[in-house]
Undergrad: 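Got a structure here, written out as structure tokens. Questions coming.
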Amino acid sequence: MSAAGDPVAREARVLARVLGHDGPIDFLLERYRRLDAREGRPRRRDRRLQLAFLRAGSLGARIASAWAARWDRHGPLRRREVIMLALLECRPETMARVERCADGGPLAAWPRLVLWGCAEVVCLLLALPFFAPARFFGGRS
Amino acid sequence: MSGGVLVIGSGASGVAFAARLVAAGRPVTMLDVGRRGPRPAFPDADLPELKRRLDDPFAYFIGPADEALILPEEEGEEYYGFPPEKGHVFAGHEGLPWKARGFAPLFSFAAGGLAEAWTGGSYPFNEGELAGWPFGLDQLLPRYSAVAREIGITGAADDLARIMPLHEGLLEPVELDQHGLRLLAAYERKKEALAGLGFVMGRARLAVLTEDRGERRACDRLGRCLWGCPRGALYVPSLGLDALIGRPGFDYRPGHFVERFVPGPGGRVERVIARDQKGRELAIDCDELVLAAGTLASSRIYLASLRAEGAGAVELGGLMDNRQFLMPFVNLGMLGRRYEARSYQYHQLAMGLDLGGPMDYVHGLVTTLKTAMLHPVVQSLPFSMGIATRFFGEMHAALGLLNVNFSDSPRPENRLALEDAGDGGPARLVIDYRPEPGEDERVARVAGRFRKILRLLGALAPKGMSHLRPMGASVHYAGSLPMRAEGPEDSLDPEGRSRRFANLWVVDGSGFPTLPAKNLTFSLMANARRVAERSFLA
């Protein structure tokens, strides 16, 4: 089945990419499918929107993830991200890609940390116009 | 079987007790449920190699039913969980239903008991901490030495000796990683200021071999501690048990769940009633009975025995456990460096905070757990998961977890009792626990002091990330049948013998009259050995 016709596989690929792994994920797809099925589909509109952003691609996923990290830490997107991270860390090759460290010491690390902090703020600002209305006025379907 | 010494349970205390008797030529029978876990896969592989070689790494690390996957939950966050390999250690038993208020109990029916999942911390109590006990350090110190010689304890004659006695038989400490080296160097530089805060730090005392000993091999820093040391370097009671099995005079009977004992007319225990794996009831005679099933399970056996004799609604007060809180911190000098997967994973450094009296002493362990699963920690960071993962990559080598233990004292309202489950099955163990009044303030004060100490050591502990663990989570249960010089019928004499039943001894944590902050397992083993020598071999 192509990625376009297989939304779960697409979702998994985007999640892996957001977590830093660009390579193949065939080895974990079966397991991911099982866990995804167990999670089910959310009823709240803002949570469905999070998953729609995830399926839209990496940028959408990052924006939705920044929202979820502040205001929906136990929601479906965050749970799927944690599942993907857990699967990726079971293999040393994928783990090495996810958990990169330049090994330059504290002076080299601080600028990167600040840069990522800024990226997080930008994603959060982009998320607000979409998710705040969906959360507070969206209700359930 | 006809008589002899019958020991119930194969945990740290049961094995220490039986080993001492068998070594002296006294026959021992041990009844145990005795569940076993899988044998370690690829015992010479380090963790990345293990991940590479396993057919199904997901089943190994997350579990066949995903039981080790820690997902975001409303109830609170844990920074690490028990791996599937150790699932057998905490699996319950249908013979022991329970209900708890204010307490999150863990039970073990594994060969080796709860200490199959311990972290090896072996910290002897000092004279002050034994103030509420019916005997002094002179009775425990030689047994600490003997246990150390038998199982292998690492440590050094450093500042920790001020708060815990030095005993014989210490092996060279485990190798420090860069994280530990930096903390220790900072401690040496700031020692004066830290001493003013009542703080001392030193090399962890661990039940870990740093030299080969028989079939057990020295720690080779494979990074697999959390999943069970495949080299047997970290002592767990099942290693002691396996060394006993086959020795003349030792009769090990796994597959037995002991329900109760049956006293005769003279107040002496005559037999125990157990069920085998097929659920058949068995009666097993004994001359002397030794309960070593762990505080909760031994107390249940005791209560069920009284209940069967029509003793009415008996309860055992004084249940204790070490309250723990976890304080994650960042060792700033380690930021942006690669972490060392090849290191001893639990704690390489230990620390103590003296806040006045011995029972105000607070014990801390610096856990690094570099090879633990990352997803529980990454999800606790206050960022989106993609950014949190990148942050984590830069911070991994710098992360530490301070595990702080508080002492506990007996209070009658913290009790164990039995009640009908209402389903015709076995009676239910009821556990009630209420923390000491003022505990919140005490914890907050100690947390503030540790934050200040960590700053002096060059580390930062973000305030919102400390986590008070539920009572029961430390699994240092004690105090339901305390040893006292004088006491009520449902207590023990100073030799660990029941005041109600003349041929019943209790050698697990039930007999501890107070619970100092230090991890109790080493003292359990020393006390079990003490009881064996003074009551059975004298």
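Side chains included, hydrogens not; waters and symmetry mates left out as well; all remaining heavy atoms used. So that the names make sense, note that chain A is the first sequence line, chain B the second, and so on, each numbered from 1.
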Undergrad: Should the pair E93(A)-K51(B) be classified as a salt bridge under the 4.0 Å nitrogen-to-oxygen rule?
TA: no
Undergrad: Measure L381(B) against the heavy atoms of chain A and call it side chain, backbone, both or neither at under 4.5 Å.
TA: backbone
Undergrad: Answer with side chain, backbone, both or neither: which region of L35(A) has an atom nearer than 4.5 Å to a non-hydrogen atom of chain B?
TA: side chain
Undergrad: Can you tell if the side chain of I62(B) reaches within under 4.5 Å of the side chain of L87(A), non-hydrogen atoms only?
TA: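 Yes; the side chains approach each other to less than 4.5 Å.
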Undergrad: Measure distances from A65(B) to the heavy atoms of chain A and classify the residue's part below 4.5 Å as side chain, backbone, both or neither.
TA: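 Just its backbone gets close to chain A.
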Undergrad: Can you tell me if R342(B) has over 12 outside heavy atoms packed within less than 6.0 Å of its CZ?
TA: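 Correct, the count exceeds 12.
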Undergrad: Measure across P57(B) and R91(A) and return the closest heavy-atom pair with its distance rounded to 0.1 Å.
TA: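 Taking every non-hydrogen atom into account, CG-NE, 3.8 Å.
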Undergrad: Under 3.5 Å, is there a donor-acceptor pair between the H375(B) and E89(A) side chains?
TA: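 H375(B) vs E89(A): donor-acceptor pair found between side chains.
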Undergrad: Should E99(A) and R338(B) count as an ion pair when the cut-off is N to O under 4.0 Å?
TA: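 Salt bridge: no.
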Undergrad: Quick check for you: among A108(A), P106(A), A69(A), C123(A), which has the greatest number of heavy-atom pairs under 4.5 Å with chain B?
TA: P106(A)
Undergrad: Select one option (side chain, backbone, both, neither) describing which atoms of W67(A) are under 4.5 Å from chain B's heavy atoms.
TA: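 Contact with chain B involves no heavy atom of W67(A) at all.
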Undergrad: Is the closest side-chain heavy-atom distance between S384(B) and R62(A) below 4.5 Å?
TA: no
Undergrad: Measure distances from R31(A) to the heavy atoms of chain B and classify the residue's part below 4.5 Å as side chain, backbone, both or neither.
TA: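 Contact with chain B: side chain only.
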Undergrad: Below 4.5 Å from any heavy atom of chain A, which atoms of Y60(B) appear? Answer side chain, backbone, both or neither.
TA: neither
Undergrad: Side chains of P48(B) and M95(A): does their closest heavy-atom pair fall under 4.5 Å?
TA: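 Contact flag for P48(B)/M95(A) side chains = no.
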Undergrad: Under a 4.5 Å heavy-atom cutoff, which of A96(A), P92(A), A109(A) has the most pairs with chain B?
TA: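 Sorted descending by pairs with chain B, the first entry is P92(A).
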Undergrad: Which bit of A86(A) is near chain B, if near means a heavy-atom gap under 4.5 Å: side chain, backbone, both or neither?
TA: both
Undergrad: Rounded to the nearest 0.5 Å, what separates atom CZ in R79(A) from atom CG in L71(B)?
TA: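 Rounded to the nearest 0.5 Å, the CZ-CG separation comes out at 4.5 Å.
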Undergrad: Would you say M385(B) and L19(A) make side-chain contact, with heavy atoms under 4.5 Å?
TA: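 Counting from C-beta outward, M385(B) and L19(A) do come under 4.5 Å.
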Undergrad: Output the distance between atom OG1 (T389(B)) and atom CH2 (W116(A)), rounded to the nearest 0.5 Å.
TA: 10.0 Å
Undergrad: Kindly indicate whether the side chain of F58(B), heavy atoms from C-beta on, has any atom under 4.5 Å from the side chain of F27(A).
TA: yes
Undergrad: Can you establish whether the number of heavy atoms outside R41(A) located under 6.0 Å from its atom CZ is more than 12?
TA: yes
Undergrad: Between F61(B), F383(B), F392(B), which shows the greatest number of heavy-atom pairs under 4.5 Å with chain A?
TA: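 Winner by heavy-atom pair count: F383(B).
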Undergrad: With a 4.5 angstrom heavy-atom cut-off, which part of E39(A) approaches chain B: side chain, backbone, both or neither?
TA: side chain
Undergrad: Top residue by heavy-atom pair count (under 4.5 Å) with chain B, among L107(A), V98(A), L85(A)?
TA: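 It is L85(A).
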Undergrad: Using heavy-atom distances under 4.5 Å, tell me whether L374(B) contacts chain A through its side chain, its backbone, both, or neither.
TA: both
Undergrad: Flag yes if more than 12 heavy atoms outside K86(B) fall under 6.0 Å of its NZ atom; otherwise flag no.
TA: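 Correct, the count exceeds 12.
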Undergrad: Should R38(A) and D66(B) count as side-chain neighbours, where that means a heavy-atom distance under 4.5 Å?
TA: yes
Undergrad: Taking the side chain as C-beta and beyond, is there a heavy-atom pair between R390(B) and L113(A) under 4.5 Å?
TA: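 Side chain of R390(B) against side chain of L113(A), heavy atoms only: no contact under 4.5 Å found.
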Undergrad: Do R73(A) and P72(B) make a side-chain contact, defined as non-hydrogen atoms from C-beta onward lying under 4.5 Å apart?
TA: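 R73(A) does not reach P72(B) side chain to side chain.
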Undergrad: When rounded to the nearest 0.5 angstrom, what distance separates SG in C101(A) from CE in M395(B)?
TA: 11.5 Å
